[in-house]
*Asks:* 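Sending over a structure as structure tokens; questions will come in a sec.
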Amino acid sequence: MKLLRIQPFLALLFLGNLVTAQIGEIKSPDGQISLKLNENNGKISYDVRYANASFLEYSPLGLKTSLGDFSSNLKYISSEINSIEDSYELKKAKVSHVDYKANELVAKFVNENDDSLFVYFRVSNRDVAYSYQLKSKAGRSNIKILEETSGFNLPEGTTSYITPQALPMTGWSETKPSYEEEYTLSEKLGEPSKYGVGYTFPALFKLGEKGWILISETGVDSRYPGSRLSESTDDGLFSIKFPQEGENNSIGDTFAAMAMPAKTPWRTITLGKTLKPIVESTVAFDLVKQKYEPSSDYKMGRATWSWIVWQDNSINYEDQIKYIDLAASLNFEYVLIDNWWDNNIGYERMEELVKYAQSKNVDVLLWYNSNGYWNEAPQTPQDKMNTSAARKKEMEWLQKIGVKGLKVDFFGGDKQTTMKLYEDILAEANDYGLGITFHGCTIPRGWEKMYPNYVTSEAVLASENLIFGQEALDKHALNSTILPFTRNAIGAMDFAPVFLNQRMSRDQESGTIRSTTDAFELATSILYFSPIQHFGLTPNNLEEQPNYVLDFIKEVPTVWDETIYIGGEPEDYTALARRKGDRWYVAVTNAKKEKRKIELNLPMLAGKEMKHLYDNKDKTAAYKASKVKKNGTLKIELQPEGGAVIY
């Protein structure tokens, strides 16, 4: 509903000898967040406050395009405010129902050629988002967006939890960038990034005692590249950057080419005094629409996965039988069969394996290499997902034998042509009833809602690194207090949790050594959200673990009706609660290498008896019944790098 028209030059703000005119302002429905749109000598900017404290200072806006410059010499025309309300359902997310309310400011500007730039702002009680729309006075039908001058100007004293952007065609078999770098730890702004080319989304910042802010984007599809943040200036300004030229073996352009009128993706800013808004935000879904109807009722759930611990040598018929049997014993919905299956098992025997799995009420997911010629990753099947003709032929066979989903790996870039590949794989897989997981890939940007058969993405320094190197395993507990507030806050994250072997190998006599407790590992099945959760369990765990551990694993959900932040912050501890139906699950992990006691505030469980999986001193998981006090509090003790599950 259109409420009012904002008049220009409502306020004048003096900066040195320059005059900045405030030409628009909106607030969140609860009045806590305010956004101001400003104009200064033909350049436009915005600033954001929360609870009267500055969260973003004057931050630039604008685009440079083939149609002309929309970053300077702009003339303000008009603006209006609208009230936005929407309700929608999600089937494979951290919540199942969303009531979205926001206020919208739409401001119109024209450049020197009289072409129009519209800036859309949305402000809800947790989030700020903005997007651009371009219209041609001459009626042009296409445009190239060559550069964004959009930025985020953070206040002095801000520190960061962000991952550096990797250089193109680096890493294993030239497969980077793939969002698999380590996070900065409370790093001050202005420090150079590890590779000197900026940072990836999402980007988490702590604004001293004022609170937290998470910056990301949503709504990116085949019409736009994925973006990143630049290096920070000394005074805290980050700008939007497009992909690097060398990504994906230099295939495709770094800019966006679009039909007119052109609408860009949304930049999202989630903010608050605590991390609660960031954990609970649905902004990635609030601003996007579903692109097509699902061809089937895609089933989410849990999967066994031999490769993660037993590695390449396990991709054979006999070992896959063992993992199908493991899935059946645990009431899991899926088994994932990883790389080289076409060579080591073969297409004919795969049909037999799928039939055997189905006889055990287990469905099969198969791994594929995305590659055409954009990296050196040798794993097969290859050249099956890189062209439409090859995909359709392969997917027809997959549908015929009863495979239910694919894990497609090794993308290595964010260019528009790569985003089109993601979208093409998803759209065509839907025609054959196949769910899609991406690995070695970009982050999801609202894709759970946009694409009905999208399942999850890696785009994180995931659990395979726990097997590859001791350093990653030594930081496992630390990262459990970073990822819920960063990568996993914006969408599904296929970290692949829950390892109950002490040594990360098949024989348990070699390999990396786990220092986290069993209760910690069980907590990660709740803490890390992925609609299909690929567990790091091995067949020997059935004999080694007590029934109360196995019973929990057999019933833990992977999609949720509600998610609530309970407590914690990076480098300290994490406590989240998730609800499925009328059952609550609370996960707690300890980043510290010393024992500690924590009091949880659990109002949804006040006065109720709960099952409690907790740490024994020997790092095994113990069980007891716990009663939450009538005031909703529960005190728990965590071992070093320990955890707890209350459900």
Side-chain angles (χ1 to χ4, degrees), residues 6 8 21 23-24 37-46 58-80 82 104-122 129-152 198 217-230 237-245 247 250-268 287-289 291 413-420 423 445:
I6 294 181
I23 54 178
L37 177 62
N38 314 295
E39 187 270 339
N40 184 318
N41 195 32
K43 294 186 176 183
I44 54 176
S45 65
Y46 70 103
Y58 293 109
S59 300
L61 295 165
L63 304 168
K64 294 183 178 180
T65 79
S66 59
L67 192 63
D69 187 355
F70 294 91
S71 65
S72 61
N73 297 318
L74 294 173
K75 179 181 178 183
Y76 170 72
I77 301 299
S78 64
S79 56
E80 63 184 37
N82 303 308
E104 179 183 70
L105 169 64
V106 185
K108 181 181 179 180
F109 302 86
V110 294
N111 68 359
E112 293 175 315
N113 301 324
D114 240 12
D115 297 311
S116 299
L117 171 72
F118 295 85
V119 186
Y120 290 77
F121 288 100
R122 294 271 187 94
Y130 66 88
S131 174
Y132 303 106
Q133 187 177 42
L134 294 161
K135 293 184 178 180
S136 164
K137 182 181 180 182
R140 288 186 61 87
S141 62
N142 64 80
I143 189 173
K144 295 182 181 72
I145 299 178
L146 305 172
E147 181 185 343
E148 287 201 27
T149 57
S150 314
F152 308 90
E217 64 180 2
T218 192
V220 180
D221 57 20
S222 60
R223 297 170 294 181
Y224 216 81
S227 299
R228 58 190 164 97
L229 292 177
S230 69
L237 175 63
F238 293 85
S239 300
I240 290 287
K241 291 293 183 183
F242 284 165
Q244 302 163 84
E245 178 64 37
E247 291 181 21
S250 298
I251 300 167
D253 295 315
T254 60
F255 52 81
M258 307 181 76
M260 294 289 281
K263 186 81 159 55
T264 70
W266 292 90
R267 313 300 174 200
T268 64
L287 303 166
V288 301
K289 300 296 183 184
K291 284 184 167 289
D414 280 333
K415 293 179 179 178
Q416 185 175 353
T417 188
T418 316
M419 293 298 162
K420 184 177 186 301
E423 184 170 273
R445 293 166 164 91

*Asks:* Report yes if the side chains of Leu237 and Pro60 come closer than 4.5 Å at any heavy-atom pair, otherwise no.
*Replies:* yes
*Asks:* Between Lys291 and Asp221, is the salt bridge (charged side-chain N to carboxylate O under 4.0 Å, His left out) condition met? List the steps.
*Replies:* CA-CA 10 Å; Lys291 284 184 167 289; Asp221 57 20; 2.8 Å; yes
*Asks:* Taking it one step at a time, do Tyr132 and Phe109 satisfy ring-ring contact (aromatic ring centres under 6.0 Å, His included)?
*Replies:* CA-CA 11 Å; Tyr132 303 106; Phe109 302 86; 9.8 Å; no
*Asks:* For Ala257, does its backbone N or O pair with a side-chain atom of Gln416 as donor and acceptor, under 3.5 Å?
*Replies:* yes
*Asks:* How far apart are the C-alpha atoms of Asp115 and Leu134, what are their side-chain angles, what is the distance that settles it, and do they pass the side chain to side chain contact (heavy atoms under 4.5 Å, CB included) test?
*Replies:* CA-CA 8 Å; Asp115 297 311; Leu134 294 161; over 6 Å; no
*Asks:* If you round to the nearest 0.5 Å, how far is CD of Glu217 from OG of Ser150?
*Replies:* 10.5 Å
*Asks:* Tell me which pairs pass salt bridge (charged side-chain N to carboxylate O under 4.0 Å, His left out) where either residue lies in residues 62-79, with sequence neighbours left out.
*Replies:* none
*Asks:* With side chain to side chain donor-acceptor pair (under 3.5 Å) as the test, would you mind laying out the steps for Glu104 and Tyr120 before giving the verdict?
*Replies:* CA-CA 7 Å; Glu104 179 183 70; Tyr120 290 77; over 6 Å; no
*Asks:* For residues Ser79 and Tyr76, is any side-chain donor paired with an opposing acceptor at under 3.5 Å?
*Replies:* yes
*Asks:* For Asp414, is there any backbone N or O sitting under 3.5 Å from a side-chain donor or acceptor partner on Glu247?
*Replies:* yes
*Asks:* CZ of Phe70 to CD of Glu148: how many Å apart, nearest 0.5 Å?
*Replies:* 13.0 Å
*Asks:* Only counting residues at least two apart or in another chain, list the ones meeting ring-ring contact (aromatic ring centres under 6.0 Å, His included) with Phe121.
*Replies:* Tyr46, Tyr130
*Asks:* Between CZ of Arg445 and OG1 of Thr268, what distance do you get to the nearest 0.5 Å?
*Replies:* 10.5 Å
*Asks:* Leu105 vs Leu37, test: side chain to side chain contact (heavy atoms under 4.5 Å, CB included). Steps then yes/no.
*Replies:* CA-CA 9 Å; Leu105 169 64; Leu37 177 62; 4.1 Å; yes
*Asks:* So, the side chain of Ser239 versus the backbone of Ser230: is there a donor-acceptor pair under 3.5 Å, distance only?
*Replies:* no
*Asks:* Within this structure, what is the CG-NZ distance for the pair Leu117 and Lys135, rounded to the nearest 0.5 Å?
*Replies:* 11.5 Å
*Asks:* Can you sort out the partners of Thr417 under side chain to side chain contact (heavy atoms under 4.5 Å, CB included), two or more places apart, ordered by chain and number?
*Replies:* Ile251, Lys415
*Asks:* Taking it one step at a time, do Ile145 and Phe242 satisfy side chain to side chain contact (heavy atoms under 4.5 Å, CB included)?
*Replies:* CA-CA 10 Å; Ile145 299 178; Phe242 284 165; 4.1 Å; yes
*Asks:* Leu74 and Glu39: which non-hydrogen atoms are nearest, and at how many Å?
*Replies:* O-OE2, 4.4 Å
*Asks:* For a quick test of reading the model, state the closest non-hydrogen atom pair linking Ser59 to Gly151 and the distance between them.
*Replies:* CB-O, 3.3 Å
*Asks:* Quick one, Val106 with Asn82, criterion side chain to side chain contact (heavy atoms under 4.5 Å, CB included). Give me CA distance, side-chain angles, the key distance, then yes/no.
*Replies:* CA-CA 8 Å; Val106 185; Asn82 303 308; 4.0 Å; yes
*Asks:* Just jot down the salt bridge (Lys or Arg N to Asp or Glu O under 4.0 Å) partners of Glu147, sequence neighbours excluded, or say none.
*Replies:* none
*Asks:* Which pair of non-hydrogen atoms, one from Met258 and one from Lys263, has the smallest distance, and what is that distance?
*Replies:* CE-O, 3.1 Å
*Asks:* About how many Å separate CG of Asn111 and CG of Asn73, when rounded to the nearest 0.5 Å?
*Replies:* 9.0 Å
*Asks:* Side chains of Gln244 and Arg228: does their closest heavy-atom pair fall under 4.5 Å?
*Replies:* yes
*Asks:* For Phe255, which residues count as a ring-ring contact (aromatic ring centres under 6.0 Å, His included) partner, sequence neighbours excluded?
*Replies:* none
*Asks:* For Lys137, what residues pass the side chain to side chain donor-acceptor pair (under 3.5 Å) criterion, not counting sequence neighbours?
*Replies:* Asp114
*Asks:* Is the side chain of Thr149 donor-acceptor paired with the backbone N or O of Gly62 at a distance under 3.5 Å, no angle test?
*Replies:* yes
*Asks:* Any sub-3.5 Å donor-acceptor pair from Ser66's side-chain atoms to Lys144's backbone N or O?
*Replies:* yes
*Asks:* Quick one: does Met260's side chain get under 4.5 Å of Ser141's, heavy atoms only?
*Replies:* no
*Asks:* Show the nearest heavy-atom pair for residues Glu423 and Ser222, with the distance to one decimal.
*Replies:* OE2-OG, 2.6 Å
*Asks:* More than 12 non-hydrogen atoms from neighbouring residues, nucleotides or ligands closer than 6.0 Å to NZ on Lys43, yes or no?
*Replies:* no
*Asks:* Locate the shortest heavy-atom distance separating Val110 from Ser116; write the atom from each residue and the value.
*Replies:* CG1-OG, 3.9 Å
*Asks:* Which distance, rounded to the nearest 0.5 Å, do you find between the CG of Leu229 and the CZ of Phe152?
*Replies:* 6.5 Å
*Asks:* Determine whether Pro261 and Gln133 make a side-chain contact, defined as any pair of heavy atoms from C-beta on separated by less than 4.5 Å.
*Replies:* yes
